[in-house]
Amino acid sequence: MLTNLITIKLLSILIIFCTALFAGVYPFLKKWRSGVSEFPLGQALASGVFLGAGLIHMLGDANADFMTLHYNYPIAFVIAGSVFLLFLALEHLGNEFYEHKDKHHSGFAIIAFVLLSIHSLFAGAALGLSSNLAIVLVLLAAIVAHKWAASFALATQITQSGLDQKVGWLLFFIFTIMTPLGIYIGSTISTALNNNALIEPIFNAIAAGTFLYLGTLHGLSRSFMLNKCCDLKNFTYVIIGFTIMAVVAIWT
């Protein structure tokens, strides 16, 4: 079982890296100028999975571990909330910059790079930390769906900005390796738990905050759930994603 889990995580690194690379190369090669392509159904499903993973699995596990270690203060919720607010602040900064500057300004591409890279790192760490094969597979599917859209969006943003081409390629390459790097970090942490029992709940809480943000304000806005009324098709996919994580929790 352990061997299968390690194999799946190694395959996840390869799959996610290739997905990000192939989704983002086209805008670079074609100098994409017609706006960011949206993937609403995939984003809606991923949002439901992230929401369920954050609430049902990551946050619950982190809180239970802190309680087991006799920390009665709700540390897990504070960490998750702080991470959520950090992402909200970064995205708010990006939106403010967008409103007061030209949308092709290089600073906007850099902010998008920072925000999406941090998302990717923490999401990868959550997958790397997971010790249940079913959760790893579901998270892999959600991350791939999100990574495809995020990679395409970032590459488009970079090509539309005034960034030097070499700098743009460098930023994009760093972004493509952030999730694989996160998976490696998470997997490494999971093997070092005997040395420090606080590592897993802290990173689970960080992952929870990340997934809650990806599953709500970040993900839902990109699946047209916040800006478009009565989109029942997309909403159904959010429910399906959340239900998948709720069902997986029966066996974890």
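The model shown is predicted, which means the values in this text are computed figures rather than measured ones.
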Between A150 and L116 the two heavy atoms that sit nearest each other are O-CD1, 3.9 Å

When rounded to the nearest 0.5 Å, the distance separating CG of L115 from CG of L88 is 10.0 Å

Checking T216, L214, I56 against L51 for side chain to side chain contact (heavy atoms under 4.5 Å, CB included), the one that qualifies is T216

- Item | I199/F203 under side-chain contact (heavy atoms from CB on, under 4.5 Å): CA gap, chis, key distance, verdict | CA-CA 6 Å; I199 294 178; F203 271 83; 4.1 Å; yes

Note: A205 and A62 closest approach over all heavy atoms is N-CB, 3.8 Å

Sorted by chain and number, sequence neighbours left out, ring-ring contact (aromatic ring centres under 6.0 Å, His included) with F50 holds for H146, F211

When rounded to the nearest 0.5 Å, the distance separating CZ of F175 from OG of S151 is 5.0 Å

Applying ring-ring contact (aromatic ring centres under 6.0 Å, His included) to F122 and not counting sequence neighbours gives none

Interatomic distance, OG@S47 vs CD1@I239, rounded to 0.5 Å, equals 12.5 Å

side-chain contact (heavy atoms from CB on, under 4.5 Å) assessment of N204 paired with N63
CA-CA 9 Å; N204 272 333; N63 186 60; over 6 Å; no

Across all chains, not counting sequence neighbours, the side-chain contact (heavy atoms from CB on, under 4.5 Å) partners of A141 are none

Q: Please step through side-chain contact (heavy atoms from CB on, under 4.5 Å) for the pair I111 and L90, ending with a clear verdict.
A: CA-CA 8 Å; I111 292 174; L90 289 173; 5.7 Å; no

Under 3.5 Å, sequence neighbours excluded: what are the donor-acceptor pairs made by side chains of residues 67-87?
{"from": "T68", "atom 1": "OG1", "to": "A64", "atom 2": "O", "distance (Å)": "2.9"}
{"from": "S82", "atom 1": "OG", "to": "V78", "atom 2": "O", "distance (Å)": "2.7"}

For I174, the side-chain contact (heavy atoms from CB on, under 4.5 Å) test, sequence neighbours excluded, returns F113, L170, M178

Rounded to the nearest 0.5 angstrom, the CG-CG distance for D61 and D65 is 6.5 Å

Between K9 and G128, the two heavy atoms sitting closest are NZ-O, 2.5 Å

Quick note, side-chain hydrogen bond (donor to acceptor under 3.5 Å, both in side chains) partners involving residues 172-185, not counting sequence neighbours, are K147-T179

Residues at least two apart in sequence or cross-chain that pass side-chain contact (heavy atoms from CB on, under 4.5 Å) with I177, listed by chain then number, are F17, F173

Rounded to the nearest 0.5 angstrom, the CD1-CG distance for I135 and L127 is 10.0 Å

Residue set satisfying side-chain contact (heavy atoms from CB on, under 4.5 Å) with I185, at least two apart, ordered chain then number -> L121, L181, I189

Cluster link F22 to I16, ILVMFWY, side chain under 4.5 Å: no

The reported gap from OG in S130 to CG in L140 (rounded to nearest 0.5 angstrom) is 11.0 Å

Smallest heavy-atom separation, A155 atom then G24 atom, equals CB-O, 3.2 Å

Parallel, tilted or perpendicular: ring planes of W169 versus F172, cut at 30 and 60 degrees: perpendicular

All heavy atoms of H57 vs all of M245, minimum pair found to be NE2-O, 2.9 Å

| Can you check whether T210's main-chain N or O pairs, donor with acceptor, with H119's side chain at less than 3.5 Å? | no

Test side chain to side chain contact (heavy atoms under 4.5 Å, CB included), reference L10, set I6, I8, T7, L14, output is I6

Does T156 offer a backbone N or O that forms a donor-acceptor pair with the side chain of T159 under 3.5 Å? yes

In terms of heavy-atom contacts, A53 and L139 come closest through CB-CD2, 3.9 Å

